[in-house]
Amino acid sequence: MPELPEVETVVRTLAPVVRGRTIVEARFLSPLAAGGRPEELAEALRGRRIVEVRRRGKFIVFELDHGVMTVHLRMTGKLLTTAAESAYARAVFQLDDGEVVFDDVRQFGRVEWAEALPENVARLGPEPLSVSLAEFSAGLKARPRAVKPLLLDQSFVAGLGNIYVDECLHRAGIHPLARASRIGRKKVEALHASMREVLGEAIAAGGSSISDYADAQGRAGWFQRFHRVYGREGEACMHCGGAIQRIVVGQRGTHFCPRCQKR
DNA sequence: ATCTATTCCTGGCTGC
DNA sequence: TGCAGCCAGGAATAGA
């Protein structure tokens, strides 16, 4: 499931190929990918030039010569520059030089277009790689809710998903159900630092490929080899040797070490 | 403000 | 071997 490091990797591998190219035609093989309005979307995108491609949270933002196209990969989405790598093509962007295929097994992903940056992107919280300790700390202090659901809330910080929240909390030694406002200064600093470390390392590894994730060339990432808690229920904690536990928090599978991450 | 439950979707897994 | 049933989960949404 693409989170910040995976989306960042897609953007880095995609941008050099599509920057400056023109969308000759956008074809939606599944209307779901276009949010149920494939004709309208295809019309809006026809003839548009891609000025720049960037990431905001988990969104891929295509700045066009008129308007903005946003793509959210959700669970199983991919943006591929080689059709040969696509098994579940939902949309094809024919460029003046080359093509981009939006591939998505489970069809949760969406392509959208708007005149300006859409509200769902505009209201995202700060980027975890650039938010200051002061702002992050103040944000936590103001919320009495459990820290894991808070970190998953894209209006609080944008880009973390289930895997990386678990990994960050483990590295910082914070229980996923800890009340955000009651986390001590040292642990808050550790969490702030762990976001940079974990996300930075994951980007360097090309992301985590748990099931479907691939970059724009169809290549898998390898950060899953370095996961310390996610998907390791019952296995030994790399820090203390205790058994990694799995619980459900906010309907999400949550992995942590009960010895390193006390309540 | 925070919480839970529900919806979307389908390949892959479990268990019989 | 076959098949029903369940699971994974990001985000939007409704209701408590």
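A note on names: the letters A, B, ... follow the listed sequences, proteins ahead of strands, and every chain is numbered from 1. Every value quoted in this text rests on a predicted model; they were computed, and no experiment measured them.
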Show each protein N/O and nucleotides 7-11 of chain B N/O combination with a separation under 3.5 Å, one pair to a line.
unit_1	atom_1	unit_2	atom_2	d
B:dC9	O4'	A:R106	O	3.3
B:dT10	OP1	A:Q107	NE2	2.7

Show me the protein contacts with nucleotides 13-16 of chain C, counting only N or O atoms at under 3.5 Å.
none

Quiz item: Can you tell me if A:Q154 uses its side chain to pair, donor with acceptor, with the backbone of A:L160 under 3.5 Å?
Solution: yes
Quiz item: Does A:E135 reach the side chain of A:P126, with side-chain heavy atoms less than 4.5 Å apart?
Solution: yes
Exercise. Would you mind reading off the distance between A:I247 atom CD1 and C:dG9 atom C1', rounded to a whole angstrom?
Key: 17 Å
Quiz item: Roughly how many Å is it from CG in A:D166 to P in C:dG10, rounded to a whole number?
Solution: 10 Å
Quiz item: Under the 3.5 angstrom rule, does the side chain of A:D104 hit a backbone N or O of A:G109 as a donor-acceptor pair?
Solution: yes
Quiz item: Linking Ile, Leu, Val, Met, Phe, Trp and Tyr by side-chain heavy atoms under 4.5 Å, what else ends up with A:V105?
Solution: A:Y88
Quiz item: Which nucleotide in the set B:dT6, B:dA1, C:dA8 lies at the smallest distance from any side-chain heavy atom of A:Y230?
Solution: C:dA8
Quiz item: For the pair made of CZ in A:R179 and C1' in B:dA1, what is the distance, rounded to whole Å?
Solution: 12 Å
Quiz item: Could you give all pairs that pass the side chain to side chain donor-acceptor pair (under 3.5 Å) test and reach residues 229-242 of chain A, with sequence neighbours left out?
Solution: A:R232-A:E235
Exercise. Give A:M1 one of three labels, base, sugar-phosphate or nothing, depending on what nucleic acid heavy atoms sit under 4.0 Å from its own.
Key: sugar-phosphate
Quiz prompt | Residue pair A:V131 / A:F156, side-chain heavy-atom distance below 4.5 Å | solution = no
Quiz prompt | Test item: A:E6 side-chain N/O and A:E3 main-chain N/O as donor-acceptor pair under 3.5 Å | solution = yes
Exercise. Name the nucleic acid region contacted by A:F156, choosing base, sugar-phosphate or nothing; use a 4.0 angstrom heavy-atom cut-off, strictly under.
Key: nothing
Quiz prompt | Between C1' of B:dC3 and CZ of A:R252, the distance in whole Å | solution = 13 Å
Practice problem: Return the value, rounded to whole Å, for the distance between atom CZ of A:R246 and atom C1' of C:dG9. | Solution: 11 Å
Quiz item: Quick one: A:I210 CD1 to C:dG10 C1', roughly how many Å, whole number?
Solution: 16 Å
Exercise. Check for a donor-acceptor pair, side chain of A:E8 on one end and backbone N or O of A:I203 on the other, with a separation under 3.5 Å.
Key: no
Self-check item: Pairs where residues 90-100 of chain A contributes a residue and the test salt bridge (charged side-chain N to carboxylate O under 4.0 Å, His left out) is met, not counting sequence neighbours
Solution: A:R21-A:D96
Exercise. Would you kindly give the CD1-to-P distance between A:I60 and C:dG10, to the nearest whole Å?
Key: 16 Å
Self-check item: hbond_proxy A:Q251 side chain to B:dA5 base (donor-acceptor, 3.5 Å cutoff)
Solution: yes
Quiz item: How is A:N120 classified with respect to the nucleic acid when contacts are heavy atoms under 4.0 Å: base, sugar-phosphate, or nothing?
Solution: sugar-phosphate
Self-check item: Any donor-acceptor pair under 3.5 Å from A:E127 side chain to A:G57 backbone
Solution: yes
Quiz item: So which of residues 145-153 of chain A are in contact with DNA chain B, with a heavy-atom cut-off of under 4.0 Å?
Solution: A:R145, A:A146
Exercise. Establish, with yes or no, whether the OP1 or OP2 oxygen of C:dA11 is under 4.0 angstrom from a side-chain nitrogen or oxygen of A:H72.
Key: yes
Quiz item: Do the non-hydrogen side-chain atoms of A:F28 and A:L41 ever get within less than 4.5 Å of each other?
Solution: yes
Quiz item: Is the side chain of A:D103 donor-acceptor paired with the backbone N or O of A:A87 at a distance under 3.5 Å, no angle test?
Solution: yes
